[in-house]
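Below is one structure, written out as structure tokens; comments come after it.
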Amino acid sequence: MRFSKMLLPTLKETPADADVISQKLMMRAGMIRKVAAGIYNLLPLGLRVINKVEEIVRQEMNRAGAQEVSMPVVIPAELWQESGRWEQYGKELLRFRDRHDREFCLGPTHEEVITDMVRREVRSYRELPLNLYQIQTKFRDEIRPRFGLMRGREFTMKDAYSFHATDESADLEYQNMYETYKRIFERCGLAFKAVEADTGAIGGRFSHEFTVLAESGEDAIASCDTCSYAANVERAEVREADSKSTEAPKPFERVSSPGKKTIEEVSGYLKIAPQKLIKTLIYDTDKGLVAALVRGDYELNEIKLKNITDASWVKLAEEGQVREATGSPTGFAGPIGLKIPVYADNSIKYIVNGATGANEADAHLINVNPSRDFKATYADIRNAVNADLCPRCNGHLEIKRGIEVGHIFKLGTKYSEAMGATFLDEEGKERPIIMGCYGIGIGRTAAAAIEQNHDEFGIIWPKPLAPFGCEVVAVNIKDEETSKTAVAIYGALKDKGIDALLDDRDERAGVKFKDADLIGIPVRVTIGERNLKQGLVEIKERKSGQVKLVKVEEAVAEVGSLLS
RNA sequence: CGGGGCGUGGCUCAGUCUGGUAGAGCACCGCGUUCGGGACGCGGGGGCCGGAGGUUCGAAUCCUCUCGCCCCGACCA
């Protein structure tokens with residue numbers, strides 16, 4: 001491709017509304033342009049990268065024995081009503097009506113459609129297992145789209161669904177996909193981690209996230225510094241250190257604490273460390289109001305709370321509900337005397353002479369001792385923090401940020417049962433098909449690659465994702481020798497199967513060099529008059545910045561060896 | 001949806017508080033000089049100041065309503 005002919009509008013300035021590096025660089029490099037919030041055009045350079053990612057995914061999925069299909073973006077409501085998600089999914093699901101007033105939605109994921117497809121075609125265990133995937137546009141009406149392709153509302157995703165007659169078969173495929181995902185992200189040149197994760201709205205029994213470590217990541221990952229344990233903090237198990245305090249329990253007493261509501265205020269006013277405060281949060285759930293206790297310096301993990309209470313949703317109670325449960329305004333709740341179920345984080349157990357709300361305005365209790373003064377169900381309901389004990393070994397957890405680029409789930413029979421996707425087993429017995437599902441965010445993977453591979457000048461593409469393998473820069477296109485040599489090398493590269501970009505614009509050298517650094521092609525061949533007089537051209541690697549001069553005739557071979 | 005902010009040539013922004021009829025840099029077009037790390041000079045084109053209503057002799061500027069976008073919290077590939 002010739003630069004002069006390509007729609008490749010690079011930007012000298014960073015657009016005001018971009019806030020992560022990948023988004024800024026994608027905009028500046030002329031890869032993407034915003035059409036609406038969370039909705040983007042992919043320009044030629046951007047599409048090239050997306051195609052590279054897709055091709056790697058496609059090859060590896062095929063290699064793993066999966067078959068590619070394509071499902072519609074527009075899905076009739078009935079399918080979602082069958083699975084029960086039409087009601088559950090919430091506003092992320094963009095719903096609309098056609099001219100006949102029939103209800104549809106834009107597919108945010110395709111369990112329903114694929115389950116419908118398979119239940120129509122598969123009758124016997126002989127036709128299983130099956131792994132079907134597609135690379136397709138999804139739409140999720142995100143509350144807050146941001147970070148360019150990293151969290152768009154419309155995005156391309158590879159989603160695969162597997163169908164099995166037995167649990168063992170499903171587990172085998174889960175493992176197969178786990179290995180496949182590792183290969184895919186390795187081939188993309190990414191530093192990633194597979195971590196245990198919560199199953200969320202997709203449902204199912206267990207799952208792993210594939211996370212690219214990056215400062216801008218929206219996920220917090222806890223990983224052990226000695227063993228291989230890694231999990232999303234939403235999921236990370238917390239093991240409390242046994243800390244036997246030598247302090248003697250004192251009788252509890254009520255103290256006045258006018259207007260002191262937050263942990264900092266109470267801690268400061270009563271001169272008690274946050275670690276000795278019992279934070280009491282009132283939650284509304286579909287099972288009624290509950291109280292959740294965590295140590296003052298920890299955060300409650302709502303997912304864990306939801307799991308332990310066996311509720312299908314939990315949310316922080318409103319002011320009125322807090323009054324109803326505690327008889328006091330928010331900020332003064334405590335576990336003593338509550339009539340609702342009390343769930344306490346394991347860390348509470350070790351508090352001696354702690355402080356908590358008195359369930360009356362402007363008062364707290366001090367010298368509270370959990371085992372003596374109130375009853376609670378103890379469980380792990382807090383978020384893991386840095387330096388927590390590893391649940392698997394004697395190491396400690398480190399919290400890092402990451403971008404979730406892939407997720408694999410063992411679904412079980414959630415959808416097959418709801419939608420009647422069954423098969424006949426060897427004994428002629430009808431059974432629900434066991435399912436797994438496996439997603440990869442294509443655009444997000446490309447964005448993650450930039451987050452991990454860039455410098456102050458621009459993108460540094462990992463070779464497998466680079467939109468071109470090599471950029472040929474003709475320093476002065478008006479010089480006949482330069483122009484002839486550049487075109488010849490460019491042609492020879494193409495003949496050799498190397499995708500090349502020829503910067504044949506009539507621009508000053510500086511402009512072309514800046515653009516080359518910005519768009520981040522791995523290898524640059526620079527043809528300038530001075531070197532050319534000695535029969536030499538310059539070859540520069542984007543990543544290392546290493547420059548070497550080679551003979552014109554050797555340039556193509558040198559580029560080839562740098563790219564292999 | 002709650003809280004905060006912003007909408008002025010293609011892009012980045014000034015002008016808004018203190019109304020007087022729209023600017024800069026970059027980009028774009030022409031000519032000339034320049035030419036290996038985002039050149040310079042001269043000339044030029046381009047803006048219902050997000051939209052609607054109002055106040056006023058006069059509104060980018062003040063008021064009301066609306067739409068869009070961005071940031072901080074509850075979702076996920």
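It should be emphasised that the depicted structure is a prediction, and the values quoted were computed from it without experimental measurement. Chain identifiers are assigned alphabetically (A, B, ...) following the order of the sequence lines, protein sequences preceding nucleic acid strands; residue numbering begins at 1 within each chain.
Using cut-offs of 30° and 60° on the angle between ring planes, the pair A/Phe409 and A/His407 is parallel. Note on ring orientation: taking the six-membered ring where Trp is involved, the planes of A/Phe192 and A/Phe210 are tilted (angle from 30° to 60°).
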What donor-acceptor contacts under 3.5 angstrom involve side-chain atoms of residues 14-21 of chain A, with partners at least two apart or in another chain?
unit_1  : atom_1 : unit_2  : atom_2 : d
A/Asp17 : OD2    : A/Lys34 : NZ     : 2.8

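Residue A/Leu518 contributes atom CG, which lies 14 Å from atom C1' of B/C11 at whole-angstrom precision. One atom, CG of A/Asp17, and another, C1' of B/G5, lie 14 Å apart when rounded to the nearest Å. When the P atom of B/A77 is taken as reference, atom CZ of A/Phe409 falls 5 Å away, rounded to whole Å. Across the protein-nucleic acid pair, A/Ile50 atom CD1 and B/A77 atom C1' stand 12 Å apart, rounded to whole Å. In this structure, A/Arg235 atom CZ and B/C76 atom C1' are separated by 17 Å, rounded to whole Å. Summarising the geometry, the separation between CG on A/Asp503 and P on B/G37 is reported as 15 Å, rounded to the nearest angstrom.
Side-chain to base pairing of A/Arg524 with B/G37: one donor and one acceptor N or O lie within less than 3.5 Å of each other. Residue side chain A/Glu13 reaches the base of B/G25 through a donor-acceptor N/O pair under 3.5 Å, judged by distance alone. Side-chain atoms of A/Glu507 and base atoms of B/G38 include no donor and acceptor less than 3.5 Å apart. No hydrogens or angles were tested; on distance alone, nothing pairs the side chain of A/Arg146 with the base of B/G73 as donor and acceptor under 3.5 Å. Residue A/Asn476 places no side-chain atom within donor-acceptor reach of the base of B/G36, judged by atom type and a 3.5 Å distance cut-off alone. For B/C76, the base has a donor-acceptor partner in the side chain of A/Arg151 [N/O atoms by modelled type, under 3.5 angstrom]. Taking only distance into account, the side chain of A/Lys540 meets the base of B/G37 through a donor-acceptor pair shorter than 3.5 Å.
Of the candidates B/C26, B/C69, B/C72, the closest approach to any side-chain atom of A/Arg144 belongs to B/C72. Closest to the A/Pro15 side chain, of the nucleotides B/U12, B/C69, B/G38, is B/U12. Counting only heavy atoms from C-beta on, A/Met157 has its side chain closest to B/A77 among B/G36, B/A77, B/C70. Of the candidates B/G36, B/C71, B/A77, B/C71 carries the atom nearest the A/Asp19 side chain, counting heavy atoms from C-beta on. The A/Arg508 side chain lies nearest to B/U34 when the options are B/U34, B/G38, B/C72. Side chain of A/Ala37, nearest nucleotide from B/C76, B/C69, B/G38: B/C69.
The same atom, C1', is picked in B/A60 and in B/G20; the two are 13 Å apart, to the nearest Å.
Using a 4.0 Å heavy-atom criterion, one finds that A/Asp159 contacts no nucleic acid atom at all. Residue-level contact check: A/Arg33 touches neither bases nor backbone, having no heavy atom under 4.0 Å from any strand. Using a 4.0 Å heavy-atom distance criterion, A/Val511 is classed as a base contact. If you check every strand for non-hydrogen atoms under 4.0 Å, A/Gly406 touches sugar and phosphate atoms only. A/Thr526 comes within contact range of at least one nucleobase, with a heavy-atom separation under 4.0 Å. As judged by a 4.0 angstrom heavy-atom cut-off over every strand, A/Gly152 is placed among the base-contacting residues.
Nucleotide B/U64: paired with B/A52 (Watson-Crick or G-U wobble, both distances less than 3.5 Å). Pair assignment for B/G30 gives B/C42, based on Watson-Crick or G-U wobble hydrogen-bonding distances that are each under 3.5 Å. Summarising the base pairing, B/G20 is matched to B/C57 through a Watson-Crick or G-U wobble pair whose two defining distances lie under 3.5 Å.
A/Glu209 has no carboxylate O lying under 4.0 Å from a charged side-chain N of A/Arg235, or vice versa, which leaves the two without a salt bridge. Salt-bridge check for A/Lys52 with A/Glu55: failed, with every basic side-chain N at 4.0 Å or more from each acidic carboxylate O.
Taking a centre distance below 5.5 Å and an interplanar angle below 30 degrees as the stacking criterion, A/Phe155 stacks against the six-membered base ring of B/A77.
Not one side-chain nitrogen or oxygen of A/Lys158 sits closer than 4.0 Å to the OP1 or OP2 atom of B/A77. Taking only side-chain nitrogens and oxygens, A/Lys34 comes nearer than 4.0 Å to OP1 or OP2 of B/C70.
Summarising the local packing, NZ of A/Lys548 is surrounded by 12 or fewer heavy atoms from other residues, nucleotides or ligands at distances under 6.0 Å.
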